[in-house]
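Please read the structure below before turning to the comments.
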Amino acid sequence: MRDSLNSLARRLLPTPEKAMVRGSIVASVVSGACAIVLGYEVERVTFATACIIPISFMLPRMLAFLSRRLTRRRISSNVPNQAERLLFLVLPAKDQECEAGNLEEAFHHVAAKHGYRFARFWYWIQVVYFAGAQLLSLTERVVRLFRKTG
Amino acid sequence: MTRAKLQPGGLSWNVMRAVHKLRGDAYGVTIRREIADSTGREVPFGAVYTTLARLERDGLLRSHEGDPTPERGGRAKRLYELTGRGVAALQASLQDIEQMWASISMPGALA
């Protein structure tokens, strides 16, 4: 079910422009067929076209959204890249490698105990603490400097 | 030079005590684990890092780079050890604790 939804969404989900063109073609064909077969009035055909275009445009996206919701994301076994980048940003160059190494070592311990999903969350929390601690220490230094200079 | 004062039970004191206990294998992960084992409190790495940096700046600790290991992604450790001032500060804090206990008289406690 999930796989078939995925493949259907992949097939139906081209670029927005293509989807719009495809939607317009489908709408024209359907509304034309309706007009011929049922003998509808022009206003009704126009209304039907106006409804079908957004529906045909939205449907692939809805399917893709549904399949994403149904598919469990595979959790990476590595430390979160963006968190590591943030860590490198807040730490002085001389401490970056050592502290990233400390966190990576502890990350694997946490992952072995609680799983990679929790470990990645834990890693983020630690990096946020690092950022907060660095900010606090910087503030302290600035305050001390102001006190010294009077 | 003023004598560095450690507050017993504080994070700085716990870090110093962990470094003293670990002797030669004191780096971020082991220090944090030692504090967690002895106090039952998980301290964030950020707090340990800033404390170590401050103690090193105050001359109570010194550090050098250790060997990289695969479980750290090939990154080197920074190993810490107490300086002479650090040992003196830790001993002084232990004396403070002893004095504190000596001043407390509890009924039924050890004489």
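In this text, all values refer to a predicted model and were calculated from it rather than measured experimentally.
Interface remark: of the candidates A/L103, A/D95, A/L136, A/D95 forms the most heavy-atom pairs closer than 4.5 Å to chain B.
A continuous path of ILVMFWY side-chain contacts below 4.5 Å connects A/Y116 to A/V110, so both sit in one hydrophobic cluster. B/I97 is connected to B/L11 through a chain of hydrophobic side-chain contacts under 4.5 Å among Ile, Leu, Val, Met, Phe, Trp and Tyr, so both are in one cluster. Residues B/V87 and B/L22 share a hydrophobic cluster, clusters being chains of Ile/Leu/Val/Met/Phe/Trp/Tyr side chains in contact below 4.5 Å. In terms of hydrophobic clustering, with Ile, Leu, Val, Met, Phe, Trp and Tyr side chains grouped at heavy-atom distances under 4.5 Å, A/L87 and A/L135 are assigned to different clusters.
A donor-acceptor pair is defined here as one N or O able to donate and one able to accept, closer than 3.5 Å; no such pair exists between the side chain of B/R78 and the backbone of A/E99.
Look at B/R75 and A/E84 and you find a salt bridge, because one of the NZ, NE, NH1 or NH2 atoms lies within 4.0 Å of a carboxylate O, short of that distance.
Atom CZ of A/F88 sits in a crowded spot, with more than 12 heavy atoms from other residues, nucleotides or ligands closer than 6.0 Å. For A/H108, the NE2 atom sits in a packed shell: over 12 heavy atoms of surrounding residues, nucleotides or ligands are nearer than 6.0 Å. Heavy atoms from other residues, nucleotides or ligands lying under 6.0 Å from CG of B/D37 number more than 12.
Of all heavy-atom pairs spanning A/N102 and B/V29, the tightest one is O-CG2, 3.4 Å. Closest approach of A/A133 and B/G46 over heavy atoms only: CB-O, 3.9 Å. A pairwise comparison of heavy atoms in B/K77 and A/C98 identifies C-SG, 4.3 Å as the closest pair. Of all the heavy atoms in B/F45 and A/Q126, the pair that sits closest is N-OE1, 2.9 Å.
Contacts between B/R32 and chain A at a heavy-atom distance below 4.5 Å involve the side chain alone, from C-beta outward. In this structure, chain B has heavy atoms under 4.5 Å from both the backbone and the side chain of A/A100.
For the pair B/R33/A/H109, a side-chain contact is recorded, criterion being any heavy-atom separation below 4.5 Å from C-beta on.
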